[in-house]
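Order of the sequence lines fixes the chain letters, A, B, ..., with proteins taken first and strands second; residue numbering starts at 1 for each chain. This is a predicted model, so every value here is computed, not measured.
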Amino acid sequence: MRHVDEYRDQALIEPLIAELHRSVQKPVRLMEVCGTHTMAIFRSGIRSILPAGMEIVSGPGCPVCVTSAAHMDAFIDLADRDAVRLAIFGDLFRVPGSRGSLAHASSRGAKIDVVYSSMDALDIARNHPDDLVVFLGVGFETTTPGIAATILAAHRQRIDNFCVFSTHKVIPGPLDVLMQDPELRINGLLCPGHVSAIIGAGAYQPFVDRYRLACVVAGFEPADLLNGLIRLARQIAQDRPAVDNIYTRVVSWEGNRRARELVDTVFEPADMEWRGLGPIPGSGLKIKQAYHHYDAEQRLEIVIPDVPEAKGCICGQILKGQTTPPRCPLFGKRCTPAHPIGPCMVSSEGTCAAFFKYGADT
Amino acid sequence: MRVEQVEGSPDDFTSEQLATVNMDGISRKVRLDVVDRWPEVGDYVIVHAGFAIHSLVEEEAKRNIELIRELASHMPEELLRSDNGS
């Protein structure tokens, strides 16, 4: 079965587009929270057929984009240490800090392995017993359970030369901060699909109660996205905000309890710095004292430097949905995917990269 | 991704918890440490960074598309007409 083909069927898509146009009865401003949604909306061409009166802005849902320049500098400092070998997800490799990137560190001899899964870092640790393998933990609720499982596996297998530098973040905190901004004027959230698989659709009910925000959890295929936008427009037109989960093949109301238990075993809430948003209390995860042996920050006494963001870069405003990439003076000129200045241009899920790739001009 | 083989058991964390999955003819191993429901051969899994985070049976997947079709079919006749005759 190639089930996805059904969600791309033109015979299904065309009536959905017509229905979307009918559903928008007053101006609506929506935020898609997830970087994968950002790319999916561009890739499917939906941005170009949006009805007049419907605006979609991107939120802070790309984990690489919200990794602060200070954390990037700390990662690079770590890469330059002797007897340290980094294991990273590939999208982190070219993200700029204040003085270069991990790619630059690699070119001057730092030991950096790009891995598909955090479990691969354990194999690297076994194969390099003289190095301390540090996995750079960057990601949201979808990624963290796997990292927790990896730390528990290292503990069980007594792999001592492995630890994690956790800059993991949770999504509800920054959304709460953004929704308190009166200038943002968001009517509805297209809630992230795979983060919701873990935290459950019920996690968005507080946004309905607090801000009367329409919330729809949707998948990533064209029919999913159109269905999500239709339901958001209907909720707003009828002034009946609610949590609507239309990704039931993946997301339940309660989420993945097993995954959350694993995270709660290994991690605890911590204050966290978000690129563009600043520090947000309780929006991050640090490793619990019981597993301090696997906490790179403690083990290597890492100090996070005080670092300004790149001059002229407005990724912060883009991550808050305050503006769009073409309004940045660097966009497409000094800042391109080949030579990125800001993280939104580096990441494959970044808003600037999406605008650049698909040639959007608004 | 469709599950072709399952190794380990949901209750034994000391053994490797792995599934061999297939997508478009390519097989690969994914971890089952965090999956919400232990899958059986023939089920489908959603995978993130090498870990299955959700498993579902084919019927669940089909139910979603039925709901969307229902949404599309509830529209006036003139809106359902299109260039390709659908």
Side-chain angles (χ1 to χ4, degrees), chain A residues 1-4 6-7 9-19 21-22 89 115-120 139 141-150 152-153 156-157 193-194 197-198 219 221 223-224 226-227 230-231 246-252 254-263, chain B residues 1-2 10 12-18 22-25 28-38 42-86:
Chain A
M1 181 182 76
R2 265 187 59 87
H3 185 61
V4 292
E6 297 182 67
Y7 292 90
D9 183 357
Q10 194 72 3
L12 179 63
I13 299 302
E14 289 190 10
L16 288 173
I17 293 172
E19 178 60 15
H21 280 253
R22 274 163 38 90
F89 290 140
V115 294
Y116 167 65
S117 160
S118 51
M119 285 286 185
D120 297 340
E141 287 90 337
T142 329
T143 311
T144 337
I147 312 299
T150 305
L152 293 173
R156 267 196 317 272
Q157 296 168 29
H194 291 168
I198 307 297
E221 297 301 329
D224 289 317
L226 288 166
N227 189 10
I230 290 167
R231 286 168 185 260
I246 57 165
Y247 198 28
T248 54
R249 64 189 189 274
V250 174
V251 177
S252 65
E254 303 80 18
N256 182 338
R257 189 173 295 166
R258 187 175 187 214
R260 287 204 309 275
E261 282 171 0
L262 276 171
V263 171
Chain B
M1 297 185 184
R2 192 156 202 229
D12 180 8
F13 287 95
T14 58
S15 66
E16 294 279 54
Q17 299 177 314
L18 294 168
N22 187 298
M23 179 142 181
D24 294 340
R28 72 183 319 161
K29 296 221 174 200
V30 299
R31 304 284 313 196
L32 297 175
D33 308 62
V34 307
V35 74
D36 53 352
R37 186 185 61 86
W38 194 255
D43 290 350
Y44 291 82
V45 287
I46 304 293
V47 175
H48 181 85
F51 289 83
I53 58 168
H54 178 74
S55 76
L56 70 162
V57 298
E58 193 164 341
E59 268 178 32
E60 288 174 296
K62 284 186 170 166
R63 173 72 185 138
N64 250 219
I65 197 73
E66 282 165 16
L67 290 171
I68 296 175
R69 284 191 196 287
E70 203 175 304
L71 183 80
S73 69
H74 277 182
M75 286 174 291
E77 204 52 40
E78 66 269 19
L79 289 172
L80 289 171
R81 281 190 217 113
S82 63
D83 292 340
N84 64 8
S86 58

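Between Arg231(A) and Asn227(A), the side chains place a donor N or O and an acceptor N or O closer than 3.5 Å (distance only, hydrogens not considered).
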- side chain to side chain contact (heavy atoms under 4.5 Å, CB included) between Arg258(A) and Asp36(B): does it pass, once the steps are laid out? CA-CA 6 Å; Arg258(A) 187 175 187 214; Asp36(B) 53 352; 5.6 Å; no

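Rounded to the nearest 0.5 angstrom, Met23(B) CE and Tyr44(B) OH are separated by 10.5 Å.
For chain A, the nearby part of Val47(B) is the side chain; its heavy atoms alone come within less than 4.5 Å. Heavy atoms closer than 4.5 Å to chain B are found in the side chain of Arg156(A), but not in its backbone. In this structure, no portion of Val57(B) lies under 4.5 Å from any heavy atom of chain A. For a residue to count as touching a neighbouring chain, one of its non-hydrogen atoms must lie under 4.5 Å from one of that chain's; by this rule Ile46(B) touches chain A with the side chain only. Neither the backbone nor the side chain of Ile17(A) comes within contact range of chain B; no heavy atom of the residue lies under 4.5 Å from a heavy atom of that chain.
Under the 4.0 Å criterion applied to side-chain N and carboxylate O atoms, Arg260(A) and Glu141(A) are not assigned as salt-bridge partners.
Contact detail for Asn256(A) and Val34(B): the closest heavy-atom pair is ND2-O, 2.8 Å.
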